[in-house]
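So you know, we letter chains A, B, ... as the sequences are listed, proteins then strands, and number each from 1. We use all heavy atoms of the structure for the numbers below, so side chains are in, but hydrogens, waters and symmetry mates are not.
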Amino acid sequence: MTRDDDRGTTGGGAALVDADPLDDPLAWLRRSCAAASAALLAGGLTVHLLRGPDDAGARRLLEAGIATLLATPALSVALSFIEHVRRKDVRFAAVALAVLAILGASMFLAFR
Amino acid sequence: MRLALLLQLAMGSGGLLGGLISQFFSTASLRALFSATTTLIAIVVLARLDRRNVIRDLSVDPGGLGGRFFDDESGGEVVYRIRRLPLALGASFIAGSVSNMVGIGGGVLLVPILNSWCGAPIRAAAATSAVVIGVSAAAAAPIYAGRGDLIPHAAAAAVLGVIAGAQAGFWASRRSQARSLKLLMAAVLFMVSASMMLGGGE
């Protein structure tokens, strides 16, 4: 049943037919965080270029942008956890919680 | 999303481990290992260039980790099923650890493995990987930042480039055939392998 002969077809692309209802809020969250992070990083980089590498404001903006970017996966997994708890899907709620624990352990090891 | 969550667990663990043990391995040995692995995977991708992981029989159950989507290339709705989950989890763990040790995104390993061995169509593999590698990076980056290895302005420039490139890649992917995407994947793998072997950036 697996197709072996896609040669000669035209076009491409794909759209989910049976998308999980969780996909939309997760996509919105990721897009929002990426936009906020990009704005902070672009601002920080501009200030860094204009005022030099020692400027504290530039550094704060850059660090805020990186923190926003790194927080995005954690927020996504937290949202997944809440949704799986709401659906009473214990197995995947536990998986999401384990991923959050790994991210928490990483933060603990980094800044202890 | 369920597959991505499972792979995030494996890749996040690998990323955390990679961030912790990277200082105990020589850069040269890690680069040689990564180079050999990417070359092997590129050859597998080329060997399976014309094989697609889409099933046109809509009565087939996609299972808990597969899915259905409208595929322009097939001219209709298709189904895919995920096979060899332990392999996908193991590959994610290794991709998370090794990729963080050599400083390259784990997607370069995860996408071809999901596509070639685990039944994910190339676009589904790429989308899943994009979600998964964020967790791997988020697990390792604080450890590097804590050691003072993170250069904020260099990271910012790279992130802005990646965000723009991701938009362009999404646009191009929707207009490309799966075969072209696999050829591009193999080319990228060979380039990464050569770069690692030649020690680019050292």
Side-chain angles (χ1 to χ4, degrees), chain A residues 1-7 9-20 22-23 26 30 34-35 37-38 40-42 44-45 48-49 53 58-59 61-63 65-66 69-74 76-77 80 84 89 92 95-96 98-103 105-112, chain B residues 1-2 5-6 8-9 12-13 15-16 19-20 50-57 60 62 67-75 77-78 119 121 123-124 131 134-135 137-147 150 152-153 155-157 159-160 163 166 173-181:
Chain A
M1 281 183 286
T2 302
R3 281 190 64 202
D4 291 339
D5 55 345
D6 61 326
R7 283 169 293 188
T9 55
T10 56
L16 278 173
V17 171
D18 58 351
D20 189 316
L22 184 56
D23 287 351
L26 283 175
R30 291 194 189 103
S37 173
L40 288 164
L41 291 173
L45 209 52
H48 172 88
L49 292 172
R59 190 163 187 88
L61 280 171
L62 291 171
E63 286 173 351
I66 291 169
L69 195 69
L70 292 178
T72 308
S76 300
V77 178
S80 294
H84 283 114
D89 185 344
F92 279 89
V95 172
V99 176
L100 285 173
I102 289 168
L103 294 175
S106 169
M107 294 297 288
F108 172 75
L109 291 168
F111 302 109
R112 61 184 165 169
Chain B
M1 264 314 146
R2 288 180 154 208
L5 203 54
L6 283 172
Q8 280 174 341
L9 181 59
S13 311
L16 181 61
L20 288 173
D50 291 320
R51 189 174 174 84
R52 297 198 64 211
N53 295 323
V54 294
I55 304 165
R56 285 190 284 187
D57 180 356
V60 172
R68 296 173 198 274
F69 62 92
F70 186 87
D71 183 33
D72 286 347
E73 200 165 333
S74 302
E77 193 178 329
V78 292
R123 293 182 188 86
V131 172
V135 166
I143 296 173
Y144 287 115
R147 282 191 214 139
L150 188 69
H153 65 275
V159 167
L160 291 173
I163 289 173
S173 166
R174 289 184 63 89
R175 289 158 180 77
S176 307
Q177 291 185 25
R179 189 177 198 276
S180 310
L181 295 175

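Proximity to chain A (any heavy atom under 4.5 Å) is restricted, for B/L150, to the side chain, taken from C-beta onward. Contacts of A/L49 with chain B are absent, with no heavy-atom separation under 4.5 Å from either backbone or side chain. Looking at B/A157, the atoms closer than 4.5 Å to chain A (heavy atoms on both sides) sit in the backbone and in the side chain alike. At a 4.5 Å heavy-atom cutoff, the contact between A/L103 and chain B is made by side-chain atoms alone.
Between B/V131 and A/R30 the shortest heavy-atom distance is CG1-NH2, 3.3 Å. Contact between A/H84 and B/L5 at its shortest, heavy atoms only, is CE1-CD2, 3.8 Å. Minimum heavy-atom separation, A/F92 to B/L6: CE2-CG, 3.9 Å. Annotation for A/A98 and B/L9: closest pair CB-CD1, 3.4 Å, computed over non-hydrogen atoms. In plain terms, the two heavy atoms of A/L41 and B/A156 that are nearest each other are CD2-CB, 3.6 Å. Residue B/G134 comes nearest to A/P73 through the heavy atom pair O-CG, 3.3 Å, listed as atom of the first residue, atom of the second, then distance.
Residue with the most contacts toward chain B among A/V99, A/V77, A/L100: A/V99 (heavy-atom pairs, distance under 4.5 Å). Note on A/A96, A/A34, A/A105, A/G65: by heavy-atom pairs under 4.5 Å with chain B, the leading option is A/A96. Options A/L61, A/I66, A/L40, A/T72 differ in how many heavy-atom pairs under 4.5 Å they form with chain B, and the most are formed by A/I66.
Between B/Q8 and A/I102, every side-chain heavy-atom pair lies at or beyond the 4.5 Å cut-off.
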